[in-house]
Amino acid sequence: MLKIKCLLRMTMLLSLVCTMLASCDREPCYKNDGKQVTWNTWDVWAGHHSIVVDADPSTFEDLGDGYARDGQQAFLEGNIIKGADGKTFKCLEKPYAVDSYHVFHCDTMMTSADPKSFKVHGQYLTEDKKDYYWCGKPIHVVDKKTFVIIGDKDDEKTQWAKDKLNAYYMGKQPVSLADYNSFHQIGDINDLHCSGCYAADKYRVYFEDHVVEGADPETFTEVIWYVGQDKHRVYDKWKATDIKDYKQLSQIGGFYSDGLHIYTKDFEVFEDADPLTFRQLEGSTWYVDKDHVWWLEKQVKEADAATIQLVHMYKYFNGSTLPSPERYAKDKSHVFFDDSIIPGADPESFEVIQFVEGGPSTAFDKNRIYSGENSNDLKKYLKDKYSRKR
């Protein structure tokens with residue numbers, strides 16, 4: 001019995017070793033047989049895949065990390081890097097590379113960067129003699145001597161930087177800075193409720209490349225993504241609103257209510273909506289109060305608030321239903337697609353059915369088809385349904 005257990009363990013060990021060795025062939029790599037260069041990949045679904053690289057095998061050189069070159073061109077994962085000079089091309093820390101004339105971020109040319117003075121500080125932050133760059137894009141730094149990143153230069157969540165003159169939100173234009181020493185990002189970038197788009201110094205609050213006019217830096221917080229609050233009011237991005245306290249709001253789908261008014265997602269008063277009866281139809285894009293119907297923020301004046309309802313899509317293949325992704329609704333007189341009436345559609349017999357899993361749905365009534373195909377499944381369904389009614 002002991003010998004059998006030992007043999008089993010040896011078999012499992014050999015199997016593991018073989019698997020590890022086989023996995024080496026599964027790493028993406030270049031292969032050069034002297035006649036042709038290929039880029040080879042592997043995935044669990046498609047297995048091995050190989051593409052021919054438009055390279056000269058006699059001068060081809062694998063540079064690692066998917067980069068390569070020959071006497072004329074450079075390559076990344078088998079594809080030609082446009083504009084790159086193969087003779088002088090070299091890799092820096094991934095994803096950066098240079099030749100005598102250009103700097104590259106992955107396979108994209110950083111047109112304003114200087115290859116002779118280019119330095120890599122990490123995966124995201126780089127610089128040359130003129131500027132700093134974030135993810136390959138220029139930050140447009142005015143004073144390099146006082147420039148610092150707010151946070152970790154190797155964290156993709158880092159979004160702010162500063163010099164003595166400006167605040168920089170990565171990818172946006174600089175905004176004039178009021179106080180260098182006290183400037184900081186608002187909120188924890190690891191908090192799911194924090195967008196990281198707000199920052200402040202002791203005089204101002206900033207949203208990306210805007211100053212949040214009138215905001216109080218000492219009490220300002222971000223309550224949800226792109227929504228700020230201080231002791232005075234609520235802010236939509238950088239714009240002040242008339243709402244005093246976000247905590248007094250309740251959310252109704254894409255709208256807000258304070259009991260007195262309904263507000264849009266931009267915190268503007270939603271005209272004509274009755275706050276006491278305003279509601280969302282089953283988590284959809286349709287809304288109703290005692291007198292009105294809306295699709296998103298568009299009022300559907302022809303719709304009857306008392307009888308409006310969603311048209312649910314029926315899944316023929318498994319017998320389940322769910323709100324139709326085509327956003328159909330109907331009342332006693334009409335069928336609607338988004339905010340428009342479907343001319344001639346019969347509300348009583350209108351249906352939306354998906355006959356095949358993963359296939360398109362078919363919208364129809366007893367008279368005609370409005371979208372989808374007149375399939376055999378539909379014909380059988382209509383024959384069975386209406387023959388039973390006779």
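Taking the ring centre of Tyr132 as origin, the terminal cationic atom of Lys144 falls inside the region bounded by 6.0 Å and 45° from the ring axis. The side-chain tip of Lys162 does not point at the ring of Tyr168 from less than 6.0 angstrom away and within 45° of straight on.
With respect to the salt-bridge test (charged N to carboxylate O, under 4.0 angstrom), the residues Arg327 and Asp338 qualify.
Remark: the Asp346 side chain and the Ser349 side chain contain an N/O donor-acceptor pair separated by less than 3.5 Å. Side-chain polar atoms of Asp163 and Thr146 form no donor-acceptor pair below 3.5 angstrom. At a cut-off of 3.5 Å, with distance as the only test, no side-chain donor of Asp155 or Tyr124 sits close to an acceptor on the other residue.
Tested against Tyr235, the residues Tyr226, Phe220, Tyr206 include a single ring-ring contact (aromatic ring centres under 6.0 Å, His included) partner, Phe220. Of the options Lys153, Glu127, Glu93, a side chain to side chain donor-acceptor pair (under 3.5 Å) to His121 is made by Glu127 and by none of the others.
Between Phe89 and Phe104, the ring planes lie tilted relative to each other; the angle falls in the 30° to 60° range. In this pair, Phe118 and Tyr96 present their aromatic rings tilted. The plane angle is within the 30 to 60° band. Using cut-offs of 30° and 60° for the angle between ring planes, the Phe183 and Trp160 rings count as perpendicular.
Annotation: Trp225 is not in aromatic contact with Tyr198 [ring centroid separation under 6.0 Å not met]. Proximity of the aromatic rings of His261 and Phe270 is defined here by a centroid distance below 6.0 angstrom, and this criterion is not met. Checked against the 6.0 Å centroid threshold, Tyr370 and Phe364 do not count as a close aromatic pair. Annotation: Tyr263 is not in aromatic contact with Phe255 [ring centroid separation under 6.0 Å not met].
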**Report entry** Test side-chain hydrogen bond (donor to acceptor under 3.5 Å, both in side chains) applied to Tyr314 and Gln354, step by step
**Finding:** CA-CA 6 Å; Tyr314 175 67; Gln354 185 183 37; over 6 Å; no
Query raised in the report: ring pair (Phe, Tyr, Trp, His ring centres under 6.0 Å) between Phe350 and Tyr328: does it pass, once the steps are laid out?
Result: CA-CA 10 Å; Phe350 187 85; Tyr328 291 104; 5.4 Å; yes
Report task. Using the side-chain hydrogen bond (donor to acceptor under 3.5 Å, both in side chains) rule, take Asn318 and Ser320 through it: C-alpha gap first, then chi angles, then the decisive distance, then the call. Result -> CA-CA 6 Å; Asn318 66 12; Ser320 65; 2.8 Å; yes
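Annotation: the span from Tyr316 atom OH to Lys380 atom NZ amounts to 4.5 Å, rounded to 0.5 Å.
Nearest approach of Asp56 to Asp70, heavy atoms of both residues: N-OD2, 3.0 Å.
The side-chain contact (heavy atoms from CB on, under 4.5 Å) search around Ala68 returns Tyr30, Phe60, Phe75, not counting sequence neighbours.
Residues Ile149 and Leu165 share a hydrophobic cluster, clusters being chains of Ile/Leu/Val/Met/Phe/Trp/Tyr side chains in contact below 4.5 Å. Hydrophobic clustering of Ile, Leu, Val, Met, Phe, Trp and Tyr side chains at less than 4.5 Å, counting indirect connections, keeps Met170 apart from Met110.
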